[in-house]
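Contents: one structure, followed by commentary.
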Amino acid sequence: MPGPVQSIERAAAILRLLARGSGRLGVGEISTSLGLAKGTTHGILKTLQDVGFVEQDKASGKYQLGATLLHLGTSYLDVNELRSRAINWADALASRSGEAVRIGTPLDGKVLVVHHVFRPDDSLQTLDTGTLLPVHATALGKILLAYDSGVAAEVAGAQLDQYTRRTLVTPAALRKAVAEVRELGWAAEAEEYTTGQASIAAPIRGYGGYVVGAISIGGSVDRLFPASGRVDQSQVTFVQNAARAISRDLGAGRW
């Protein structure tokens with residue numbers, strides 16, 4: 001078996017040092033702390049900077065952790081801690097609402113379903129965990145579009161697929177819908193992705209209020225929009241309460 005790669009070990013040591021320190025360190029400080037030559041340290045930092053794992057402050061010349069590395073950490077939270085913290089609340093939401101529950105996070109301009117609880121009845125259902133859903137045609141996706149500028153940027157200018165006659169496929173219609181989501185704090189769609197089906201979603205937040213995903217219920221449009229096409233507000237409350245509970249568990253505090 002081959003042994004450890006020294007350059008990778010050194011790069012990892014630099015990242016750990018930046019993560020636990022004051023936030024910004026110079027080449028000399030890093031090389032002294034790790035017992036490395038300045039030239040070696042600078043070369044590793046340059047490579048880490050090229051891939052976005054560290055950033056250099058132009059004024060001081062010191063280095064700090066980069067946005068790409070921080071995004072990787074957030075992605076890990078989304079897929080692992082989010083799922084583990086949300087499981088019990090998702091089960092409870094399915095029981096209260098009588099509908100299927102899905103939890104989603106952003107992935108390459110789509111919604112990745114990281115957890116799915118079946119509707120609590122005896123009907124035949126298919127597990128959606130691992131499925132990618134469109135952001136413009138689902139309540140989960142509209143939440144991410146409203147609160148995640150990265151997701152919005154990936155969709156901007158792209159051709160939007162039409163799944164039903166109700167799917168929002170023009171930029172103007174989608175912008176209006178997203179603005180309504182921000183105003184209300186929750187999202188809903190009726191037959192925009194699948195004819196006869198509807199969904200309601202709310203944002204899940206992590207530390208600092210950053211939106212790390214969304215939770216939704218989905219089922220028959222007749223059940224979720226029972227009165228002349230108007231959403232069932234009691235179901236909205238169920239979804240929002242579950243989202244707030246998960247967010248508190250993730251350290252979001254009150255919002």
Taking salt bridge (charged side-chain N to carboxylate O under 4.0 Å, His left out) as the cut-off, I'd like each qualifying pair that reaches into residues 100-122, sequence neighbours left out, listed once. Arg102-Asp128, Arg119-Asp121

Could you list the residues that satisfy side-chain hydrogen bond (donor to acceptor under 3.5 Å, both in side chains) with Asp148, not counting sequence neighbours? none

Filter on side-chain hydrogen bond (donor to acceptor under 3.5 Å, both in side chains), then keep only pairs touching residues 31-51, sequence neighbours left out; what's left? Lys46-Asp50

Pairs satisfying side-chain hydrogen bond (donor to acceptor under 3.5 Å, both in side chains), at least one member in residues 170-180, at least two apart: none

Mind checking salt bridge (Lys or Arg N to Asp or Glu O under 4.0 Å) for Asp57 and listing every partner two or more places apart, or none if nothing turns up? Arg24

Which residue pairs pass the ring pair (Phe, Tyr, Trp, His ring centres under 6.0 Å) test with at least one member in residues 216-235, sequence neighbours excluded? none

Excluding sequence neighbours, so at least two apart, what forms side-chain hydrogen bond (donor to acceptor under 3.5 Å, both in side chains) with Ser199? Glu189

Those residues at least two apart in sequence (or on a different chain) that pass ring-ring contact (aromatic ring centres under 6.0 Å, His included) with His116 are Phe118

Using salt bridge (Lys or Arg N to Asp or Glu O under 4.0 Å) as the criterion, list what pairs up with Glu154, not counting sequence neighbours. none

Pairwise side-chain hydrogen bond (donor to acceptor under 3.5 Å, both in side chains) hits with a residue in residues 212-227, at least two apart: Glu99-Arg223

Contacts satisfying ring pair (Phe, Tyr, Trp, His ring centres under 6.0 Å) that involve residues 157-189 (not counting sequence neighbours) are His136-Tyr163, Tyr163-Tyr193

Applying side chain to side chain contact (heavy atoms under 4.5 Å, CB included), name anything that partners Thr164, two or more places apart in sequence or on another chain. Arg166, Thr167, Thr195

